[in-house]
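Written below as structure tokens is the structure these notes are about.
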Protein chains: 4
Amino acid sequence: MTRNKLRAAAMRLFGEKGYDGTALSEIAKEVGVKTPAIYAFYENKEDLFMTVFREAMESYNTYIQELSEEQNMTSARDSLYRVLSRQYEFYQKCPEESVFVLRYMVFPPAFLKETIEEAFLQSDELLTKAIEELIVHGMETEAIRDQPVQPLVDSFLNVMDGLSMQYFYYTSREIYERKLNNAFETYWNGVRSNYN
Amino acid sequence: MTRNKLRAAAMRLFGEKGYDGTALSEIAKEVGVKTPAIYAFYENKEDLFMTVFREAMESYNTYIQELSEEQNMTSARDSLYRVLSRQYEFYQKCPEESVFVLRYMVFPPAFLKETIEEAFLQSDELLTKAIEELIVHGMETEAIRDQPVQPLVDSFLNVMDGLSMQYFYYTSREIYERKLNNAFETYWNGVRSNYN
Amino acid sequence: MTRNKLRAAAMRLFGEKGYDGTALSEIAKEVGVKTPAIYAFYENKEDLFMTVFREAMESYNTYIQELSEEQNMTSARDSLYRVLSRQYEFYQKCPEESVFVLRYMVFPPAFLKETIEEAFLQSDELLTKAIEELIVHGMETEAIRDQPVQPLVDSFLNVMDGLSMQYFYYTSREIYERKLNNAFETYWNGVRSNYN
Amino acid sequence: MTRNKLRAAAMRLFGEKGYDGTALSEIAKEVGVKTPAIYAFYENKEDLFMTVFREAMESYNTYIQELSEEQNMTSARDSLYRVLSRQYEFYQKCPEESVFVLRYMVFPPAFLKETIEEAFLQSDELLTKAIEELIVHGMETEAIRDQPVQPLVDSFLNVMDGLSMQYFYYTSREIYERKLNNAFETYWNGVRSNYN
DNA sequence: TATGAATGAGGATTCATTCAT
DNA sequence: AATGAATGAATCCTCATTCAT
């Protein structure tokens, strides 16, 4: 119980204030426990952080994995849009995990640099593959103009990354949703075939 | 002299390791001076940080401002592309400033949250206006299909933000350049008129 | 069972790393038990230490006591030599007890200073008496030159103390045995009568 | 100034209470300074300890070195006796250094084991050589019976080691001096020639 | 302008100990 | 007899900051 509450508090605080900006005492206090209690569950600050990091990554990867699984029946347009809105959903449902992942993906603490690079590459590959399938499927059904696939994947990922950043500095829901839709629409215009 | 060296070192270190992760002693050491020397030039850590922050923002804003100024003669396509490549140039020429701006734009330390939000909004407005002009110009010359402007601006900014993030986690130059070109091409495809 | 294993582990670790340098958790771990289990058998760290201390002293004293008991039949030379070799035997058979006794005899933790001084004096007296008897016996049989007894006792104890220290910093068996024999030989030369 | 006072306080406290039993705060308090001030002069606790250790060793070695230098004119008996009384002098003049050296020679903290063994061997060799010269000199002048040298060196060192230990647990000056004289007398009886 | 000395505040971590189970 | 959870006290150490020089 305490173990999990600690994990949750750590996720939130590390995400919000950074590794160095978060004192173990704050995490403990948030859980209603004294600092040394943390050491009953985690070896040290790094260990707590790593545990949280792994959990956040897993949570994020799970969400990505599920993309490939539900793609099937829907149109390419819908399923690509679905990717963006699922990402948005994830940010809303798991704001702590999201901030955490984003923060440490881009600005890992020194001791995590390598681990994170690996985790990132792995995650990136998964996502790339999922998007690729959707796009290929779109070409097969002629929703997307026939053309080299990689550029379309690249630019879709670019849209996603852009939306990631923007989620965190446009706090207004409406503005974000507008941006999401507009970004997607332009992307779709750029890739779709002229038949529909 | 020392004052400037301190600013530069602070820029680099605050950017790389974060506000809390950077000790004044590290900054001093990088400059070859003892910690208390810092206090001859800056009131305290926050002051040093703020100075650096203002400088980075100014550097970034200058680069944006210049966008509007040189837009004129070239085609809309070229000038939009120019925006992306200038951003890229900025990242390459001023990597310290870039990391710094990106980091504190997205993850400001608590005491800076408000200041940064203002600075961000201001900067964002500048950029938005500049892009808007380019796009309107593009429509006037019929390079861009006639349509509401805001969505095109939104999605261009989205492309830019995406490229920002990607610059920091795709370390390979080639990959990044490919991604930049692909993102732009898709964007352009999505907005251009069918005449060219 | 556990009680004894704890005692043994404590003996070894307190002897090797000192009172302050040994954490209860180490002792527990060596026994394969969690720290609080110690409190089922011992009141606290001091109590455990004292128990161990008493045991080590008893073990040491027993060995000394036995000296007097077997002295009888043999020649003075042999029985004095026997004292040194029995001390050596003790070090080899009970290395933990030996280190422990030596360490806390010379460097008792503050809270034990008085207790240990008493224990030491008592032990010293026992030993002194035993040696004295051997020497007197040696004079009676004219193996040892007739002369005041105390100086001979003093210097024999000095030889013993010297060998104690040396045992702990000359790790090589051979060197130690050589030193033992040489020390004894010189001593014997210094005290023996000229008849043999 | 503070640096030296710290060294002195550390010498005393480390010697008296052991490495783990001595808190930096105690050392600081003895000097009339707050704990962090220590870090202006020493890297950390180990560094302070090592500095003190080196100083104590040097002090001890110097004393040994001087033995060889003044040996010349005096009789072998006098110069050997001189060694013991100089050792005694050293204990009295530099009680802190003495306790320190003895304690860590016999019971080094784990992180010092190797360093100390080296230091010890080196010191031991110096001393051995010095004693050897005195004894050889004694044989040349026929004060000492002609015989193999090593045993006489061994047993003299044994006497010295014995007196080391005894100095620390016989607190009475008179008793110690008696023991010193008696030990020496017996030793000398054991080695001297019969001519004098 | 720069430094050495010093400090208060705070941070991670260890440890002996307690208590409910 | 043994453990998991928790804590108070203390330890080493870092850091921003001050001040006299």
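Computed over heavy atoms, backbone and side chain alike; hydrogens, waters and symmetry mates excluded. Below, chain A is the first sequence line, B the second, and so on; all start at residue 1.
- Applying the 4.0 Å criterion to OP1 and OP2 of dT1(E), one finds that Thr2(B) has every side-chain N and O outside that range.
- A donor-acceptor pair under 3.5 Å is formed between the side chain of Tyr42(D) and the backbone N or O of Arg3(D).
- Within the 3.5 Å criterion, the main-chain N or O of Phe14(B) finds a donor-acceptor partner in the side chain of Tyr104(B).
- One can place NZ of Lys17(C) at 13 Å from P of dT14(E), the figure rounded to the nearest angstrom.
- Between the Arg103(A) side chain and the Gly15(A) main chain, a donor and an acceptor come within less than 3.5 Å of each other.
- Listed for the Lys5(B) side chain is no donor-acceptor partner under 3.5 Å among the backbone atoms of Gly32(B).
- In this structure, dA9(F) and dT14(E) make a Watson-Crick or G-U wobble pair, each of the two defining distances being under 3.5 angstrom.
- Residues Val33(A) and Glu26(D) both approach DNA chain F. Their nearest nucleotides, taken by heavy-atom distance, put Val33(A) toward the 5′ side.
- Within 4.0 Å (heavy atoms only), Tyr39(C) reaches at least one base atom of the nucleic acid.
- The CG-P distance, from Asp20(D) to dC12(F), rounds to 9 Å in whole Å.
- The aromatic rings of Phe100(C) and Phe53(C) sit tilted, their planes meeting at an angle between 30° and 60°.
- The side chain of Phe41(B) approaches dT1(E) more closely than any other nucleotide in the set dT1(E), dC13(F), dT13(E).
- At the heavy-atom level, Ala23(D) lies under 4.0 Å from the strands shown only through sugar-phosphate atoms.
- If you take CE of Met1(D) and P of dA6(E), they are 11 Å apart, rounded to a whole angstrom.
- For Ser25(B), the listed nucleotide lying nearest its side chain is dC15(F); candidates were dA6(E), dA6(F), dC15(F).
- In this structure, of dT17(E), dT14(E), dT3(E), it is dT14(E) that holds the atom nearest to the side chain of Pro36(A).
- As rounded to whole Å, 11 Å separates atom P of dT1(E) from atom CG of Leu6(B).
- Distance Leu24(A) CG to dA12(E) C1': 6 Å, rounded to the nearest Å.
- We find that CD1 of Ile27(C) is positioned 11 Å from P of dT17(E), with the value rounded to whole Å.
- Across all strands shown, Thr35(B) has heavy atoms under 4.0 Å from base atoms, whether or not it also approaches the sugar-phosphate.
- Between Arg3(D) and Arg3(B), the residue anchored closer to the 5' end of DNA chain E is Arg3(B), taking for each the nucleotide with the nearest heavy atom.
- Atom CG in Asn4(B) sits roughly 15 Å away from atom C1' in dT1(E) (whole-Å rounding).
- Pairing of dA20(F), defined by two Watson-Crick or G-U wobble distances under 3.5 Å, is identified with dT3(E).
- Nucleic acid contact for Ala40(D): none, since no nucleic acid atom lies under 4.0 Å from a heavy atom of the residue.
- Taking atom NZ of Lys34(C) as the reference point, atom P of dA16(E) lies 16 Å away to the nearest angstrom.
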